[in-house]
Amino acid sequence: MILGRVLALAQKEHLRTEMEVFLAHLLGCSRLDLLVRSEEEVPVEKLAELQKGWIRLQDGLPVAYLTHEKEFYGVNFYVDERVLVPRPETEQLVDLVLKHAKKSVLELGTGSGAIACSVKKGRPELEVTATDISAEALAIASKNCVQLGVGVDLIQSDLLREVPERDFDVLVANLPYIGTQTHNFIADNVDRHEPHLALDGGSDGLELYSRLFDEILSQKRDFKFILGEIGFSQGVDIQKLCMEKLPAYRFTLLQDLQGLDRHFVLERIEF
């Protein structure tokens with residue numbers, strides 16, 4: 001089968017972009033090269049892998065799980081089905097950390113390590129600690145730290161439970177925020193293929209954030225800034241939660257490039 005025909009079939013299934021990414025990975029070329037080589041036959045030894053990949057793409061599998069690669073903040077990260085695929089909108093969290101951090105950063109729910117590694121790569125002088133409840137996710141984060149040559153302290157922890165009692169300038173969290181009862185907006189393919197542990201945020205999607213805020217208070221943790229990511233419909237609810245549980249912080253809600261509520265910033269009020 002010629003490459004142009006493969007891409008035409010993918011176009012009909014609205015999977016042209018995904019197939020271009022997969023084919024480029026399969027053939028070891030760029031997506032632009034595929035256009036130049038559109039009349040070439042797919043090598044016989046690649047046909048079986050192409051067919052298997054095509055079936056999985058049709059089932060909604062994120063193409064990053066086939067290529068084991070996803071670009072985030074200008075760098076390619078290793079990913080597989082043990083972690084969420086990093087989203088472009090999450091890059092704004094990296095910008096916020098780089099803006100506010102002075103010396104040390106703590107990330108909760110690091111997953112692939114995309115945020116922590118990007119922060120450390122952008123500001124090597126910062127002390128970066130990243131946690132996840134999943135040992136499998138931490139294995140991926142460790143792989144990315146080695147691959148990118150950055151030193152991030154990785155800890156397996158349920159929120160703050162195993163985090164040393166030390167000062168951090170910035171706490172950044174991209175916790176699961178898909179609700180089971182409300183705010184349960186999730187694409188079908190994400191629900192089927194990406195790890196539920198990294199998606200399930202309880203009944204309203206904000207249960208982990210609520211727990212985190214309680215732990216900050218009970219453990220008397222002192223952060224200058226607390227940064228987080230939420231679902232597009234949770235802006236009002238997260239503001240209410242923050243004002244109720246952390247009144248000593250000034251709340252700011254930020255929108256993503258599509259104008260949707262996406263991130264919040266809590267800045268400790270100085271007296």
Side-chain angles (χ1 to χ4, degrees), residues 1-95 98 111-119 121-122 140-141 143-150 174 185-195 198-199 229 232 255-260 262:
M1 180 177 288
I2 65 171
L3 293 174
R5 176 61 175 162
V6 173
L7 293 175
L9 289 173
Q11 180 79 37
K12 290 182 179 180
E13 297 289 331
H14 305 289
L15 291 169
R16 170 78 182 224
T17 299
E18 290 83 353
M19 180 54 76
E20 285 185 3
V21 172
F22 178 55
L23 265 181
H25 170 78
L26 187 65
L27 301 178
C29 66
S30 70
R31 290 172 63 182
L32 184 60
D33 288 336
L34 294 176
L35 300 178
V36 178
R37 299 169 57 181
S38 62
E39 297 302 317
E40 292 184 18
E41 292 279 348
V42 177
V44 174
E45 66 272 16
K46 299 290 186 180
L47 286 174
E49 191 174 352
L50 173 61
Q51 182 178 24
K52 181 179 178 181
W54 173 235
I55 291 172
R56 300 203 73 191
L57 287 176
Q58 287 181 302
D59 188 46
L61 186 80
V63 68
Y65 289 158
L66 291 176
T67 64
H68 297 305
E69 188 174 83
K70 179 64 177 179
E71 183 180 349
F72 180 87
Y73 217 76
V75 173
N76 287 328
F77 284 84
Y78 175 88
V79 296
D80 62 28
E81 284 140 304
R82 292 174 287 179
V83 295
L84 292 181
V85 178
R87 269 59 173 179
E89 55 266 27
T90 304
E91 292 180 350
Q92 187 179 16
L93 271 183
V94 178
D95 292 332
L98 294 176
S112 65
I115 293 175
C117 288
S118 297
V119 168
K121 195 169 181 65
I140 301 298
K143 182 181 180 73
N144 281 315
C145 287
V146 172
Q147 180 175 293
L148 298 173
V150 295
N174 185 5
F185 303 104
I186 182 171
D188 182 60
N189 67 317
V190 172
D191 191 31
R192 292 203 313 275
H193 295 291
E194 301 200 41
L199 295 168
E229 182 165 307
F232 69 89
Q255 286 73 43
D256 59 22
L257 293 177
Q258 299 181 61
L260 302 174
R262 186 62 60 188

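Keep in mind that this is a model prediction, so the values were computed, not measured.
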Separation between [atom1] of [X] and [atom2] of [Y], rounded to the nearest 0.5 Å:
X: L23; Y: L7; atom1: CG; atom2: CG; result: 5.5 Å
X: L34; Y: M19; atom1: CG; atom2: CE; result: 10.5 Å
X: R262; Y: L257; atom1: CZ; atom2: CG; result: 10.5 Å
X: S30; Y: R37; atom1: OG; atom2: CZ; result: 9.0 Å
X: E91; Y: E89; atom1: CD; atom2: CD; result: 9.0 Å
X: R16; Y: L9; atom1: CZ; atom2: CG; result: 11.0 Å

Practice prompt. Apply side-chain contact (heavy atoms from CB on, under 4.5 Å) to the pair T17 and R31, showing each step before the final yes or no.
Written response: CA-CA 9 Å; T17 299; R31 290 172 63 182; 3.6 Å; yes

Item to complete: Go through the steps for Y73 and I115 under the test side-chain contact (heavy atoms from CB on, under 4.5 Å), then give the verdict.
Response: CA-CA 9 Å; Y73 217 76; I115 293 175; over 6 Å; no

Fill in: side-chain contact (heavy atoms from CB on, under 4.5 Å) between L15 and W54, worked out
CA-CA 9 Å; L15 291 169; W54 173 235; 3.8 Å; yes

Item to complete: Could you go through the side-chain contact (heavy atoms from CB on, under 4.5 Å) check for R56 and L66 one step at a time?
Response: CA-CA 9 Å; R56 300 203 73 191; L66 291 176; 4.2 Å; yes

Worksheet item: Do any N or O atoms from the side chain of N144 and from the backbone of Y78 form a donor-acceptor pair under 3.5 angstrom?
Response: yes

Worksheet item: Within the distance-only criterion (no hydrogens, no angle test), does the side chain of Q255 pair as donor or acceptor with the backbone N or O of L260 below 3.5 angstrom?
Response: no

Take a 6.0 Å sphere around [atom1] of [X] and say whether it holds more than 12 heavy atoms from other residues, nucleotides or ligands.
X: R5; atom1: CZ; result: no
X: Q51; atom1: CD; result: no
X: Q258; atom1: CD; result: no

Fill in: Among E194, H193, E18, side-chain contact (heavy atoms from CB on, under 4.5 Å) partner for L61
H193

Looking at every non-hydrogen atom in both residues, tell me the closest pair between [X] and [Y] and how far apart they are.
X: L27; Y: P43; answer: CD2-CD, 3.8 Å
X: N76; Y: L148; answer: O-CD2, 4.2 Å
X: K70; Y: P86; answer: CE-O, 3.5 Å
X: F77; Y: F72; answer: CE1-O, 3.5 Å
X: E69; Y: V79; answer: N-CG2, 4.0 Å
X: L84; Y: Y65; answer: CA-OH, 4.0 Å

Worksheet item: Taking C-beta and beyond as the side chain, do V75 and K121 meet within less than 4.5 Å on heavy atoms?
Response: yes

Discussion item. Looking at K46 and E40, is there a salt bridge between them, counting it only when a charged N and a carboxylate O are closer than 4.0 Å?
Written reply: no

Worksheet, complete the sentence: T67 meets the side chain to side chain donor-acceptor pair (under 3.5 Å) criterion, sequence neighbours left out, with none

